[in-house]
Amino acid sequence: MTYVTRTPSNTSYANWQHRNNLHNPSSQFQIGKLVSTKSSNKIPNRRNFLISMTSTSVQSPELAPAVKPKNVGLPIMVNGCTGKMGRAVLEAAISVGLDPVPVALGRHGDAGKIVDVGGKQIEVQGPSQRESFLSSVFKEYPNLIVVDYTVPSSVNENAALYSKVGVPFVMGTTGGDRELLYKTVAASNGYAVISPQMGKQVVAFLAAMEIMAKQFPGAFSGYNLKVMESHQASKLDISGTSEAVISCFQKLGVSFELDQVEQIRDPKLQVEKVGVPEEHISGHAFHTYNLTSPDGTVSFKFEHNVCGRSIYAEGTVDAVLFLAKKVASNADKRIYDMIDVLREGNMR
Amino acid sequence: MAFVTPSNSSCATLQIGKSVGNRIRANSRKSLVVMASTSVQSLDLVHVSKNIGIPVMVNGCTGKMGRAVLEAAISAGLEPVPVALGGAEDDGKILDIDGMQIEVQGTSQREDVLSSVFNDYPNLIVVDYTVPAAVNENAALYSKLGVPFVMGTTGGDRELLYKTVADSNVYAVISPQMGKQVVAFLAAMEIMAEQFPGAFSGYNLQVLESHQASKLDLSGTAKSVISCFQKLGVSFELDQVKQIRDPRLQVEMVGVPQEHLNGHAFHMYHLTSPDETVSFEFQHNVCGRSIYAEGTVDAILFLAKKVNSKAEKRIYDMIDVLREGNMR
């Protein structure tokens, strides 16, 4: 593969970095090593590879090797594929070259249904004899990764099944008995990624806020906070993410109570004031946090806006790729979350 | 010399730490109650009152930053000493601030003056907001006398600056960026980029920044944040930054208050996912110099604490100040 390089040109920035001398655990700037894949929405085998150098590099540039399409052919089974999340995951998976097997597990009422996605057909197997069924599929596809987007009441029995058969899985379904879930998986020593929040970039943002709050308690003492969030009308509660971010700001010294959050649920306001696209009124998660200094001369704003479920599908695919890598390398650690997936870096 | 002890009346609103008349001795007792009306925790009077009496000398106090720092310091209950160092052209000038008077000492005999002030006020902390050309000689002076200092002045030979300070083992906070909260935001971005490389691969980035028209280059902070996004997998070149310098656009499009057109730093970073269903936006907008003055006061409080506790570490930056937590 060819690659384009550019030498660092901005030495005054290099000096600024040196002067600033940030004393944090991450002060080793990883520079000169970027792989940026401009992913199109098309089928994967014709991706463009752009390897560029950051112009702010202070050391001599390191040239990153080209990324090869090694994920093509990874077999996956998406349980709950008759649902919207399951379907979205299948589409995203096919887009990156993963290989759904032609069967999936579902509930009794879905037995025998055929799900048509991206040119593939998947037959749903009901609950009877699911253990021997899954076992035989796993035998045929030893690299199989299962993805679960079913329902809260199935979480524990599904996890128990996967653990018993020994098939690695990504648990996207929320709810159920979480403590039991972890216990079941740990006891069987199976590989799993468990994360109620599959929006990888949102998890990254939240983690950054948590790190900031932990490292710099009280940094924003005296600042005023305003929080606005908008979700589909059926969601009555505040999102777990908002609560987590607000908790960070509280550690940062800001005085704020959850009942001060401005929740927008009126579709008209959502479109006109919040800017939610009409087609996503029934499925979106928009958040804005506004911080202002006591004398009003300084303000910070953080916004994360999600339409639809694409971000969760993409995050799930990342989790699948990550888990496959861990299984293939016989990693010691068995249970992972989205932070682990993030730490691994870009795998596409 | 006589000194006046102010009464308890001056704590009604935001006016804090106001002294009346000339104070010569650093250890004059006050019955002032220092209150921060923006305090988010319960008013911790005991906590704040231990900052009263930290003597400070703000060199470069004839300049705008120096003045702003003095005001913020007085507000926080710190005690400027009645002399400060300045350039030759400022010799003999008297600075009037909040009822206090500070006489500026020019370049001649500065060592003797500083030495004797340090003698009178052994807890003295010096703050430097002078000019790049003076950074190294000033640092050398402070280091020679062993007086702890906060270096707010940018420029000069930074490598030499650190060397001078390290060799003398003097206490110092050195930070070209005194906007504490901006440093916190930047550090969070740096940590995110280092921990989660490529997390935003494929995302599109737009950066918009606005500063007073006289600032031609991109801010160091913008460049740093962009570098983080690049590590996060975003493809972006510095020449893609939209720099707004037209005052009309600044007011109408960016939202800069008219009175701050001559001194502001507004930054907006907007990330969009490849299929455009996800977006993130970060903004940090600063008007005037208050944030830097407040950050400087935090640095002073921090340094005084380190000196007091005879900390082993000697050279600090704004990250260290942040790690210490709220000291007011």
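Chain letters run A, B, ... following the sequence lines, proteins first and then strands; every chain starts at 1.
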Heavy atoms from other residues, nucleotides or ligands near CD of B:Glu259 exceed 12 (cutoff 6.0 Å): yes
Within 6.0 Å of CD in A:Glu279, more than 12 heavy atoms from elsewhere: yes
B:Gln181 side chain to A:Ala219 backbone, donor-acceptor under 3.5 Å: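 Judged by distance alone, yes, a pair lies under 3.5 Å.
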Nearest-0.5 Å distance that lies between atom [atom1] in [X] and atom [atom2] in [Y]:
| X | Y | atom1 | atom2 | answer |
| --- | --- | --- | --- | --- |
| B:Ile191 | A:Lys214 | CD1 | NZ | 11.0 Å |
| B:His284 | A:Phe302 | NE2 | CZ | 9.0 Å |
| A:Asp295 | B:Ile291 | CG | CD1 | 9.0 Å |
| B:Asn285 | A:Leu291 | CG | CG | 11.5 Å |
| B:Glu190 | A:Ile211 | CD | CD1 | 12.0 Å |
| B:Phe196 | A:Ile339 | CZ | CD1 | 4.0 Å |

Closest heavy-atom contact between [X] and [Y]?
| X | Y | value |
| --- | --- | --- |
| A:Met212 | B:Ala184 | SD-O, 3.4 Å |
| B:Val182 | A:Phe300 | N-CZ, 3.7 Å |
| A:Asn346 | B:Gly198 | CB-O, 3.9 Å |

For chain A, the option from B:Met192, B:Glu281, B:Glu276 that forms the most heavy-atom pairs under 4.5 Å: B:Glu281
Chain A contacts, top residue of B:Cys287, B:Pro257, B:Cys228 (heavy-atom pairs, under 4.5 Å):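 That would be B:Cys287.
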Heavy-atom pair count under 4.5 Å with chain B, highest-scoring of A:Ala213, A:Ala208, A:Ser299, A:Gly199: A:Ser299
Interface residue of largest heavy-atom contact number with chain B, from A:Glu314, A:Glu303, A:His287, A:Met209, under 4.5 Å: A:Glu303
Which atoms of B:Phe185 approach chain A - backbone, side chain, both or neither, heavy atom under 4.5 Å: both
Side chain, backbone, both or neither of B:Ser279 within contact of chain A (heavy atoms, under 4.5 Å):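 Looking at B:Ser279, backbone and side chain both touch chain A.
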